[in-house]
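Since the structure is predicted, the reported quantities are computational estimates derived from the model, not experimental observations. Chain letters run A, B, ... following the sequence lines, proteins first, then strands; residues in each count from 1.
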Amino acid sequence: MKKTDIQTRVYNLFDEQVPDRFTSVLSKCKEKERNDSMKKHKIFQGWWWKVSVACLFLVLLGGTYYFYQRNYLVDSVIQIDVNPSIQLEVNQKDKVMKCVALNDDAKDIIKDMDFQNVDIDVALNAIIGSMVTKGYLDDLSNSILISVDNNDEKKAEEMRQKLVEKIDNILNTDKINGSVLSQTLSNKEEKKEVSEAEALAEQYHISVGKAKLILDVVENNPLLKVEDLVTLSINEINVLTQGKEDSLSHVEKQGNASTKAYIGEEQAKNIALEHAKVTNPTNLKVEFDTEDGVIIYEVDFEDDTYEYEYEINALNGNVITSDKERRDDRPIENENSKDYISRDKAKEIAFNHAKVTSPKYVTVELDKEDGITVYQIEFEDSTYEYDYEINATNGTIVTSDKERKETASTNNSNNSSNFISSSKAKEIALNHAKVSNPQQLEVELDKEDREYSVEFHYNGYEYDYEIDAVTGKILKSEKERD
Amino acid sequence: MEQSQISKISASSLEHLLLDIKEEESFYELYLLLKAPIYSYSLSILKNREDALDNVQDVFITLYHQIDSYQPTQKPMNWIFTITKNAAFSKLRKKKPTVELDENISHGKFQKEEDRLLFQYFMEQLKEEERNIVLLHLLWGFKHREIATILNSNVSTVLSKYHRAIKKLQEMEGFREKNRHTNKSI
């Protein structure tokens, strides 16, 4: 079975199994589009509610669905996340009934403060004040998340707005230019999202509010992963979504996340360019991203030959990863171009190298590999399948691969006594590569295939050989940049 | 009908289609092109037919709604792959911690019994990594070098695992194919 056969075969295996449900996909897409625009509309309406209702009722009624049964006096549950995560349970008169530290940082904040029966405003003042004193909230990290849960959507919304205003005032007094994210957890339409957030919160020991924020961010930024975000502070999450329109669809946001702790895009760009020794980059792009719980700048750019991708630690400017790849976006030029050797010439080179006089099932394709235009040539003789890549410009052999065809006869002679030794196989490969002191050398014997595989590194290249274990013939040799 | 496959269309035509996703015709074309690769990887991760089909649907909905966040890089498949992968893992997280291969995995619709056998072999006998390498190459059209980057491995490992996997598949097909071969070459 040749590559093209198996490719089509495997492709069809999967393709056949996916029924054409395009109509349903399309209608779901349209439906979501409608819902999203309705939600936006709703938020707008909610703002008007503030004016008309806020003056009438400052006393909140009802109970949250997960605390109601336990204590009917709890009206709203409020979660405050910075990095410390604190939960306040409040009654109808806005008095704190219970204060829970949801993580270790929160314990540090609350310590021996007692909020029992204290007005929510006072409690908030003390908590935010303590966060500022202890350095959790400052000019370098200015984001705070408020989540309000109340069975009554309207009341949750009122409470949310009231708290945002309150926190803004407190931060202003401390001369911190804050960024307040806020959300309600009681929206009936989002019931599914909330229960998903609850599961996530339990799994990662974070607040339901933070979990919901993370789900919101991930939904709108498909390249970010939940696992990467759970360990981040609210400011770090806020930084990642900065400047991306629509990246928070269920969360209200005031102010901007502070990036003062970071080296800045300009410096990140310069570090990458200097490292790459590139002076005139094109398509330069710098973006915040996260890697292993650290905020990074992702810097992408190109020059005439390469595409570069850098990850720079946003706090200290260290280069975390750098990657350079040949651009292979340029279209393959006209095959009949004078610059290329002919198909027949390419075939001749491959056949001669393989010493095959009557090849069968020959296929030739022009392709690009690592920026080089090559002819990919496949053919067979009675014993082997061959796979060549010939540089279309100068006719040199880029890779050659030869594999024994599976026949009953080869399987019979599994007698390993006539195998060459592994050191002999190593010697054959090293001689061919003209390398005397290889690194990370690995020799493996595949008895079934009667082949040694020899891999090693040398001088920035990776070598990969397959040696016939009986005859010592080189079946495959590859050399690639590390 | 000539089978449309990702590997047969250029990255830039695919990118065109993708950027044009809000047009129903382009969306449908993309759907037909991408459903097999997306399903294959989803199935490889989720190991359950229904979940994988759900994931296919979710990925297309995400593509449709997130197209504005796509930055044309001439590498549309990388973007689509990341979305597929994240969606699949997010589904996996919501499921039970250990996912066993669904016994009904081969209960999809197959035209021929030999297809069902090959598929079963593919899903059950290949190691997860081998399987992913094969489908990233054959269905997603990634080059071995790109696969190495995706899987955090190196080219030679990917190459040798790929060859080993293909060899296993060929062995499985061995005798039937051999007969066919002999007939062809006469």
Side-chain angles (χ1 to χ4, degrees), chain A residues 1 3 6-22 24-26 28-29 32-33 36 196 199-200 203 218 220-227 244-247 285 300 323 325 329 331 360 369-370 401 403 405-408 446 449 453 455 462-464 466 478 480 482, chain B residues 3 5 7 10-12 24 27-28 31-32 35-37 39-40 43 49 53 56-57 60-62 64-66 68-69 71 74 82-83 86-87 89-90 93-94 108-111 115 118-119 122 134-135 138-139 143 145 149 154-156 159-160 163 166-167 169-171 173-174 177-178 185:
Chain A
M1 189 156 53
K3 184 190 161 190
I6 197 166
Q7 177 160 13
T8 310
R9 190 91 199 275
V10 175
Y11 192 99
N12 289 345
L13 279 184
F14 284 99
D15 196 53
E16 274 169 17
Q17 287 182 77
V18 192
D20 186 343
R21 290 185 187 157
F22 181 69
S24 138
V25 168
L26 187 68
K28 286 208 168 96
C29 286
K32 189 168 184 293
E33 231 163 34
D36 286 355
E196 208 178 296
L200 191 67
Q203 185 181 354
V218 171
N220 292 294
N221 300 274
L223 299 184
L224 290 173
K225 289 197 296 272
V226 169
E227 290 76 6
K244 291 177 184 160
E245 283 168 43
D246 287 340
S247 59
K285 201 181 78 196
D300 295 336
D323 192 21
E325 255 182 53
D329 54 350
K360 285 181 294 197
E369 282 287 343
D370 297 343
D401 189 5
E403 275 182 47
K405 290 206 302 204
E406 287 303 323
T407 59
D446 186 336
D449 294 331
S453 111
E455 295 178 13
E462 191 175 300
Y463 294 78
D464 187 359
E466 275 174 18
E478 277 183 355
E480 295 224 19
D482 267 340
Chain B
Q3 181 68 50
Q5 292 178 11
S7 54
S10 76
S12 58
E24 192 173 328
F27 192 17
Y28 188 48
Y31 181 83
L32 293 180
K35 70 184 174 82
Y39 176 71
S40 69
L43 188 66
R49 179 171 153 77
L53 286 174
V56 171
Q57 178 153 321
F60 279 107
I61 294 175
T62 309
Y64 184 89
H65 287 288
Q66 293 300 328
D68 292 342
S69 73
Q71 307 193 336
Q74 299 278 2
T82 310
I83 289 176
N86 287 352
F89 277 101
S90 133
R93 210 184 45 238
K94 286 175 211 155
K109 282 184 183 156
F110 293 96
Q111 289 176 353
D115 286 346
L118 179 64
F119 184 76
F122 188 84
V134 170
L135 56 88
L138 294 187
L139 280 101
K143 296 188 179 131
R145 224 167 124 265
T149 316
N154 59 54
V155 187
S156 67
L159 266 172
S160 67
H163 282 307
I166 293 292
K167 217 170 265 177
L169 291 174
Q170 284 168 333
E171 255 163 44
E173 287 283 280
E177 277 299 317
K178 204 188 101 208
S185 44

* Asked: Using 30° and 60° as the class limits, which term best fits the ring planes of A:Phe22 and B:Tyr28: parallel, tilted or perpendicular?
  -> tilted
* **Side chain, backbone, both or neither of A:Leu224 within contact of chain B (heavy atoms, under 4.5 Å)** =>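 The backbone, not the side chain.
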Which distance, rounded to the nearest 0.5 Å, do you find between the [atom1] of [X] and the [atom2] of [Y]?
{"X": "B:Asn86", "Y": "A:Asn221", "atom1": "CG", "atom2": "CG", "value": "11.0 Å"}
{"X": "A:Glu455", "Y": "B:Leu159", "atom1": "CD", "atom2": "CG", "value": "9.5 Å"}
{"X": "A:Arg21", "Y": "B:Gln57", "atom1": "CZ", "atom2": "CD", "value": "7.0 Å"}

Within the structure provided, determine whether [X] and [Y] are in side-chain contact (heavy-atom separation under 4.5 Å).
{"X": "B:Tyr39", "Y": "A:Asp15", "value": "no"}
{"X": "A:Arg9", "Y": "B:Leu169", "value": "no"}
{"X": "A:Val10", "Y": "B:Leu139", "value": "yes"}
{"X": "A:Glu478", "Y": "B:Ser156", "value": "no"}
{"X": "B:His65", "Y": "A:Asn220", "value": "no"}
{"X": "A:Leu200", "Y": "B:Arg93", "value": "yes"}
{"X": "B:Phe89", "Y": "A:Glu227", "value": "no"}

On a heavy-atom basis, which atom in [X] and which in [Y] lie closest, and how many Å separate them?
{"X": "A:Glu462", "Y": "B:Asn154", "answer": "OE2-OD1, 3.5 Å"}
{"X": "B:Leu138", "Y": "A:Tyr11", "answer": "O-CD1, 4.4 Å"}
{"X": "A:Val25", "Y": "B:Phe60", "answer": "CG1-CB, 3.7 Å"}

* Asked: Who are the side-chain hydrogen bond (donor to acceptor under 3.5 Å, both in side chains) partners of A:Asp401, not counting sequence neighbours?
  ->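 Residues passing side-chain hydrogen bond (donor to acceptor under 3.5 Å, both in side chains) with A:Asp401: B:His163.
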* Under the side-chain hydrogen bond (donor to acceptor under 3.5 Å, both in side chains) test, which residues partner B:Glu24, sequence neighbours left out? -> none
Using non-hydrogen atoms and a 4.5 Å limit, figure out which bit of [X] sits close to chain A: side chain, backbone, both or neither.
{"X": "B:Ser90", "value": "neither"}
{"X": "B:Phe122", "value": "side chain"}
{"X": "B:Gln66", "value": "side chain"}
{"X": "B:Tyr31", "value": "side chain"}
{"X": "B:Asp115", "value": "both"}

* Pairs of heavy atoms under 4.5 Å with chain A: top-ranked of B:Leu135, B:Thr149, B:Ile83, B:Leu53 ->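 Result: the option with the highest number of such pairs is B:Leu53.
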* Specify which of A:Ala199, A:Ser453, A:Pro19 makes the most heavy-atom pairs with chain B at under 4.5 Å. => A:Pro19
* **side-chain contact (heavy atoms from CB on, under 4.5 Å) assessment of B:Arg49 paired with A:Gln17** => CA-CA 9 Å; B:Arg49 179 171 153 77; A:Gln17 287 182 77; 3.6 Å; yes
